[in-house]
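Positions are given from 1, in the same order as the sequence printed here.
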Amino acid sequence: MNREDIERLSAELAALKCKTQKEVEEARVRFLGKKGEITALFEEFRTVAPEFKKEFGRTLNELKQKAQARIEELKAAAEQSGPSEGPAQDLSMPGDDFPLGSRHPVSIVRQEIVDIFRKFGYDVAEGPEIEDDYHVFEALNFPPNHPARDMQDTFFVSAGHLNPLLLRTHTSSVQVRAMETMKLPIRVICPGRVFRNEAISARAHCIFHQVEGLYIDEHVTFADLKQAILLFAREMFGADTQIRMRPSFFPFTEPSAEVDVSCNICHGKGCNICKGTGWLEILGCGMVDPNVLEASGIDSKKYSGFAFGMGLERIAMLKWRVNDLRHYFENDLRFLHEFETATEV
Ligand code: PHE
């Protein structure tokens, strides 16, 4: 054992480079392990002549401390720069969370309504959101300049035209297309997005969703309409639900009615959701006006029918008591996650 050995090891330690924790461990074994080079020098120390023991002992201890410090330093650096290789990784650890999205409350309500009417034998029909004046108004018995057009403030896509393009204000346009193309009898529901030029507030929005329905056959009566709506209301809101009809007006139905369901929150006692009345308005309906049937080439002497339409956000509001329409369109994840458990797969 001599001074050169110590100096060589000291220089090697200073120049030592390790990328991984595995390499650090190998270096530790090489220098400080049971059979390591520094450990070997301690063995040799026993044979050093007594007059040199003091000085050698000190340098040797310094070397050992230096080696330990250097190994610690390399270990810390390797830990920082990444996980160790090999079995140091815990393969049984749970994987990264991959959050699944949830269905939008409007989609959940639409699916429920569609499922109910499918059971009653209705088909689902869809149509364009950009429609022409004819399918949204003209064929539905809204003559040009008829004041009833003001009931639905329209976004026009092209103006000044005989049959301008516009964003549909209701999905009744899809019913017109069904009457034009489908074979009788017709039983369809038309879910879809509709647009009205309304100022956005808690109670109104320029976009919302509807499901409208149409049934045309021989001998269809108002009693059939009432029965269909009652069955729907009981499937949707519970078996003890009552309905009531109030006279109303729509250009495309005669007679027309507005339908209320008994408030399933206070069960008729009166609460702030039903504004103390015990009833909640859910849809508009009526017997298809003969003019509407004739406009689509259906013989109104032989056939009759009923139609109804409801807003999905309104139904969702009643179901979940979220009373600000804007929540349905802002895509705030905190709001959307509320419906995770409501999602039916
Ligand atoms: N189309 C009407 C609306 O959007 C709803 C409705 C449909 C009323 C069918 C009666 C019959 O307000």
Side-chain angles (χ1 to χ4, degrees), residues 106 109-122 124 140-141 148 151-152 169-175 186-192 194 196 203-204 208-217 220-289 292 304-321 323 325:
V106 171
V109 165
R110 181 187 52 206
Q111 193 59 49
E112 256 181 64
I113 297 173
V114 166
D115 287 347
I116 293 170
F117 281 103
R118 275 233 173 91
K119 269 202 289 197
F120 298 168
Y122 285 69
V124 173
L140 286 162
N141 203 32
M151 283 164 70
Q152 305 182 355
T169 56
H170 51 184
T171 58
S172 303
S173 52
V174 185
Q175 304 181 347
I186 294 171
R187 227 192 247 114
V188 283
I189 48 166
C190 315
V194 300
R196 292 185 195 177
R203 309 224 132 245
F208 60 100
H209 298 79
Q210 287 188 322
V211 172
E212 296 217 352
L214 175 71
Y215 174 38
I216 301 176
D217 201 349
V220 177
T221 68
F222 200 93
D224 297 320
L225 166 62
K226 199 171 172 188
Q227 186 64 13
I229 301 294
L230 178 65
L231 288 177
F232 162 72
R234 292 195 165 161
E235 290 274 331
M236 190 76 202
F237 298 105
D240 56 351
T241 306
Q242 305 289 324
I243 63 167
R244 77 173 180 187
M245 289 179 145
R246 289 176 286 107
S248 186
F249 171 78
F250 299 102
F252 34 88
T253 47
E254 184 59 35
S256 305
E258 223 121 4
V259 177
D260 300 338
V261 292
S262 50
C263 179
N264 61 350
I265 294 153
C266 65
H267 299 282
K269 287 192 200 80
C271 65
N272 62 349
I273 304 284
C274 62
K275 301 203 189 79
T277 63
W279 295 97
L280 300 162
E281 185 188 324
I282 56 156
L283 56 81
C285 63
M287 300 306 292
V288 182
D289 194 294
V292 172
S304 56
F306 63 72
F308 56 86
M310 67 192 108
L312 296 186
E313 284 79 4
R314 168 113 190 114
I315 307 271
M317 275 175 151
L318 299 179
K319 195 174 162 77
W320 288 295
R321 292 169 227 178
N323 281 336
L325 261 180

Q. Can you name the nearest heavy-atom pair linking Ile282 to Met310, along with the distance?
A. O-CB, 3.3 Å
Q. From Ile113 CD1 over to Ile116 CD1, what is the distance, rounded to the nearest 0.5 angstrom?
A. 7.0 Å
Q. Which heavy-atom pair separates Cys285 from Leu225 by the least distance, and what is that distance?
A. SG-CD2, 3.8 Å
(Q) Assess whether a salt bridge exists between Arg246 and Glu281, defined as any Lys/Arg side-chain N lying under 4.0 Å from an Asp/Glu carboxylate O. (A) yes
Q: Please work out whether the ring planes of Phe308 and Phe117 are parallel, tilted or perpendicular, with thresholds of 30° and 60°.
A: parallel
(Q) Donor-acceptor check, side chain of Asp289 to backbone of Glu254, threshold 3.5 angstrom: yes or no? (A) no
Q. Is there a side-chain contact between Trp320 and Val109 (heavy atoms, below 4.5 Å)?
A. yes
Q: Mind checking the CD-CD spacing from Glu313 to Gln210? Nearest 0.5 Å is all I need.
A: 9.5 Å
Q) Considering all heavy atoms of both residues, which atom of Leu140 and which atom of Ser172 are nearest to each other, and what is their separation? A) CD1-CB, 3.5 Å
Q) Heavy-atom distance under 4.5 Å between the side chains of Arg321 and Ile265, does that happen here? A) yes
Q.
To the nearest 0.5 Å, what is the distance between OG on Ser262 and CG on Asp240?
A. 6.5 Å
Q. Side chains of Ser248 and Glu258: do they bring a donor and an acceptor to under 3.5 Å?
A. yes
Q) Which pair of non-hydrogen atoms, one from Arg187 and one from Gly121, has the smallest distance, and what is that distance? A) CD-O, 3.6 Å
Q | Approximate separation, where rounding is to 0.5 Å, of Ile216 CD1 and Met287 CE | A | 10.0 Å
Q | From Glu212 atom CD to Gln175 atom CD, the distance as rounded to the nearest 0.5 Å | A | 5.0 Å
Q. Which pair of heavy atoms, one from Thr253 and one from Ala307, lies closest together, and at what distance?
A. CG2-CB, 4.4 Å
Q.
Angle between ring planes, Tyr215 versus Phe306, binned at 30° and 60°: parallel, tilted or perpendicular?
A. perpendicular
Q | Point-to-point distance, once rounded to the nearest 0.5 Å, from NE2 of His170 to CZ of Phe250 | A | 10.5 Å
**Q.** Least distance between heavy atoms, Thr277 atom then Cys274 atom
**A.** OG1-O, 2.7 Å
